[in-house]
Every structure is written in structure tokens, then in C-alpha cells.
Amino acid sequence: MLQIILAALALIGNCGWLVSGKKYRQEVRAAQAEAEQKEFDVSKEYVKEFRENIAKPLQEEVQKLRAAIEAVNTCSHRDECPVVDRLHEIK
């Protein structure tokens with residue numbers, strides 16, 4: 001009889017361990033998902049800041065440079081212009 005009681009207690013104890021292990025794994029998965037979401041949010045914010053502070057101003061400057069280079073063709077001083085000569089060297 002004592003063996004049956006000990007076996008039952010061992011079984012109950014193991015069931016509790018299994019349940020707590022399952023709960024622990026769920027908590028770990030939830031924490032991992034939360035960490036991945038935070039990493040995604042940080043990456044998203046970084047891309048937004050990069051576009052606003054670097055890419056957009058750089059694109060505006062490139063557009064100004066293109067407009068200035070295109071305006072060279074209509075300039076009356078283009079034949080003697082050292083900037084145009086320098087641009088031809090770069091190509």
C-alpha cells in the first residue's frame with residue numbers, strides 16, 4: 001500500500017513538473033516574441049531616422065547638383081569654366 005501511495009505522489013509531482021515546464025516554455029516564447037518585436041521597432045525607427053536625416057537631405061542635394069549641371073549647357077561662360085572642365089575629368 002505504501003508503494004502505491006509513493007508511486008501516486010511521484011506521479012503527481014511529475015505532473016506538476018511537466019505543467020510548470022510547459023508554462024516556463026510558454027513564458028520563454030513570449031519573452032522571445034517580445035524581444036523580436038522590440039528589435040523590429042528599433043530597426044523601423046532607425047530606418048525612419050536615416051531617411052529623414054540622411055537620405056532625404058542627400059537626395060535634395062543631388063537634385064540641386066543635377067539642376068546645376070544641366071544649367072551649364074545654357075551658360076555663356078561654359079567654354080572657359082574650370083568647374084565644367086573638372087566635371088569632364090570626373091566622367
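One-based numbering along the sequence shown. Remember, it's a predicted structure, so these values are computed and weren't measured experimentally.
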With Asn73 via side-chain hydrogen bond (donor to acceptor under 3.5 Å, both in side chains) - residues at least two apart: none
Pairs touching residues 47-74 that satisfy salt bridge (charged side-chain N to carboxylate O under 4.0 Å, His left out), sequence neighbours left out: Glu61-Lys64
Which residues share a side-chain hydrogen bond (donor to acceptor under 3.5 Å, both in side chains) with Glu36, sequence neighbours left out: none
All salt bridge (charged side-chain N to carboxylate O under 4.0 Å, His left out) counterparts of Lys38, not counting sequence neighbours: Glu34
Shared hydrophobic cluster for Leu65 and Val83 (ILVMFWY, side-chain gaps under 4.5 Å): yes
Results of side-chain contact (heavy atoms from CB on, under 4.5 Å) for Val42 - residues two or more places apart only: none
Atom pair CD (Gln37) and NZ (Lys44), whose distance is rounded to the nearest 0.5 Å: 8.5 Å
